[in-house]
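The structure appears right after this line, and notes come after that.
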Amino acid sequence: MTTKATNIHPVFDRILGRDEKQKFLNQSSRVIWMTGLSGSGKTTIAIGVEKELQKRGILTQILDGDNIRTGINKNLGFSEEDRSENIRRIAEVSKLFLNCGIVTINCFVSPTINIRKIAKEIIGEDDFLEIYVNASFKVCEERDVKGLYKKARNGEIKNFTGLDAPFEAPENPFLEIKTSDMTAEESVEKVVNAILPQLTRE
Ligand code: ADP
């Protein structure tokens, strides 16, 4: 997307930078990007991971549908264009946190390779840790945590990911968690062990 505003005078070279903020917090910031079907376990894992990181003195911010789609993105729907704009704004918000030294844990279905590519390009490849929270459509439908699968089957929700809209699995994620083969606690532990070395400073 092109910038519409003119007469913008960036102050980035005068404000405290990411490195100062990371030193202040004694941590390294990253964006933990969890992708997977609705009900695959993104939110459950994020909540558990946040608690574990807090115990280790690491400051985090969970970004999910609840705080994004009811706030900054409340004017967006689920058309192709709106889904891309939703992700673009989420990525820009994540980048602000990243530059503030804070770890964001993002829980978004983010169903296509292209949509996640948009996010990765905005955030930067090295700071974008993609986690594929993998559970089959069947398992997610059996869980039906929010009753969305039932509504989608009844035709009350259109373009539902996995049913009448595609989900494209990541080709080369930082980590894959198969949530139907383990407990939520095990999933959390696996994620924490994988990301912790990236978040701590010597
Ligand atoms: P999402 O955020 O991806 O839509 P939720 O976290 O809201 O998914 O729901 C996942 C459901 O699956 C929860 O009820 C959770 O208790 C259950 N679950 C079972 N096993 C796991 C696991 N290994 N990891 C995460 N969640 C799990």
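Counting convention: from 1, in listed order, for ligands and their atoms alike.
- One N or O on the side chain of Asn67 and one on the backbone of Asp64 form a donor-acceptor pair closer than 3.5 Å.
- Hydrophobic cluster membership for Ile118: Ile122 (Ile, Leu, Val, Met, Phe, Trp, Tyr linked by side-chain heavy atoms under 4.5 Å, directly or transitively).
- Ile45 forms part of a hydrophobic cluster together with Ile32, Met34, Ile47, Val49, Leu53, Ile58, Ile62, Val103, Ile105, Leu129, Ile131, Val133, Phe174, Leu175, Ile177, Met182, Val188, Val191, Val192, Ile195, Leu196, Leu199, judged by ILVMFWY side-chain heavy-atom separations under 4.5 Å.
- Near ligand 1, Leu37, Ser38, Gly39, Ser40, Gly41, Lys42, Thr43, Thr44, Ile45, Arg143, Val145, Lys146, Thr179, Met182, Thr183, Ala184, Ser187 each place a heavy atom less than 4.0 angstrom from the ligand.
- Although no hydrogens or angles enter the test, the distance criterion places a donor-acceptor pair under 3.5 Å between the side chain of Thr35 and the main chain of Ser110.
- Listed by first then second residue, pairs satisfying ring-ring contact (aromatic ring centres under 6.0 Å, His included) with a partner in residues 139-161 read Phe137-Tyr149, Tyr149-Phe160, not counting sequence neighbours.
- Judged by distance alone, the side chain of Lys42 and the main-chain N or O of Leu37 form a donor-acceptor pair under 3.5 Å.
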